[in-house]
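Not measured: the values here are computed from a predicted model. Note that ligands are numbered from 1 as they come in the structure, with each ligand's atoms numbered from 1 the same way.
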Amino acid sequence: MPTYRTASEEATIRLGEELARTLPRRRAVLLIGNLGAGKTTMAKGIVHGLGAAESEEVSSPTFTLIHEYGNDGRVYHIDLYRLDEPREVATLGLDEIFDREAVVLIEWGERFPQLMPASRTEIRIRAIGNDEREIEVREIA
Ligand code: ADP
Ligand code: MG
């Protein structure tokens, strides 16, 4: 499984831009890591790498839950941090979003494994210092 290290926020954004090129047009991407690990930062790079928006335009969907970027909703960015129950998540209509020809980035999706597509990319981010991050990319099916 490919493992990367970055030493700055900017480097994580650049890595996200590179990883974006390897993603199929339709893919669920779980961004996994503690608060402050860099999940939203990685999303900025992926959204920009897919040409859907400038990275500066990407903000955390912690309160809004779902952000959409690009024409025809080519990238969705979802944050499930504030939801506790699978029933609450079910009201978001994620299945319908997963069916679209779109890259769907999800923070905290691993808390609701039964609601995530079996076939997905998992990007795990771990802080190993103030600015250092270890980033593992795993393709599942
Ligand atoms: P999360 O979405 O996982 O809670 P954010 O992406 O919102 O995390 O925040 C990550 C924080 O860590 C930012 O303040 C960012 O500047 C900082 N940071 C420091 N080094 C890095 C790095 N190498 N990669 C990503 N973020 C970093
Ligand atoms: Mg975040």
In this structure, atom 24 (N) of ligand 1 is nearest to the protein heavy atom Thr12 OG1, 2.6 Å
Can a side-chain donor-acceptor contact be found between Thr121 and Glu139 if the only test is distance below 3.5 angstrom? yes
- Query: Under 3.5 Å, is there a donor-acceptor pair between the side chain of Lys44 and the main chain of Glu56?
  - Reply: no
Heavy atoms of Asp79 and Trp108 approach each other most closely as OD1-CD1, 3.1 Å
Here the pair of heavy atoms bringing Ser60 nearest to His67 is O-CE1, 3.7 Å
Nearest non-hydrogen protein atom to atom 12 (O) of ligand 1, with distance, is Arg133 NH2, 3.1 Å
Specify whether the nearest protein heavy atom to atom 18 (N) of ligand 1 is under 4.0 angstrom away.
yes
Has Thr62 got an N, O or S atom lying less than 2.8 Å from the Mg ion (ligand 2)?
-> no
- Query: Is the shortest distance from a heavy atom of Ile125 to ligand 1 less than 4.0 Å?
  - Reply: no
Restricting Glu107 to its N/O/S atoms, the closest one to the Mg ion (ligand 2) is OE1
Contact region, Ser8 to ligand 1, non-hydrogen atoms below 4.0 Å, reads backbone
Decide whether the shortest distance between a heavy atom of Gly36 and an atom of ligand 1 is less than 4.0 Å. yes
Closest to atom 2 (O) of ligand 1 by heavy-atom distance, out of Thr40, Leu35, Thr62, is Thr40
In short, Leu94 meets Met116 closest at the heavy-atom pair CD1-CE, 4.1 Å
Under 4.0 angstrom from ligand 1, any heavy atom of Ala37?
yes
- Flag yes if Phe98 and Val89 sit in one hydrophobic cluster, no otherwise; membership is Ile, Leu, Val, Met, Phe, Trp, Tyr, and two members link when side-chain heavy atoms are under 4.5 Å apart. yes
Atom 8 (O) of ligand 1 has as its nearest protein heavy atom Gly38 N, 3.2 Å
Quick one: does Thr6 get an N or O within less than 3.5 Å of an N or O on ligand 1?
yes
Next on the checklist: Strictly below 4.0 Å, N to O, side chains only: are Arg100 and Glu96 in salt-bridge contact?
Outcome noted: yes
Counting heavy atoms under 4.0 Å, the part of Asn130 that contacts ligand 1 is backbone
We want to know whether Glu107 and Thr40 form a side-chain donor-acceptor pair, criterion being a heavy-atom distance below 3.5 angstrom. yes
Please confirm whether the backbone N or O of Arg120 pairs with a side-chain atom of Arg27, one donor and one acceptor, at under 3.5 Å? yes
Tyr81 versus Arg111, side-chain donor and acceptor atoms under 3.5 Å: no
Logged contact type for Thr41 with ligand 1, heavy-atom cut-off 4.0 Å, is both
Within the 4.0 Å heavy-atom cut-off, what Met42 brings close to ligand 1 is neither
Of Lys39, Glu9, Arg5, the one whose closest heavy atom lies nearest atom 3 (O) of ligand 1 is Lys39
If we ignore angles and hydrogens, is there a donor and acceptor under 3.5 Å between the side chains of Arg133 and Thr6? no
Under 4.0 Å from one or more heavy atoms of Asp131, ligand 1 contributes atoms 19 (C), 20 (N), 21 (C), 22 (C), 23 (N)
For Asn34, the atoms of ligand 1 under 4.0 Å from one of its heavy atoms are 3 (O)
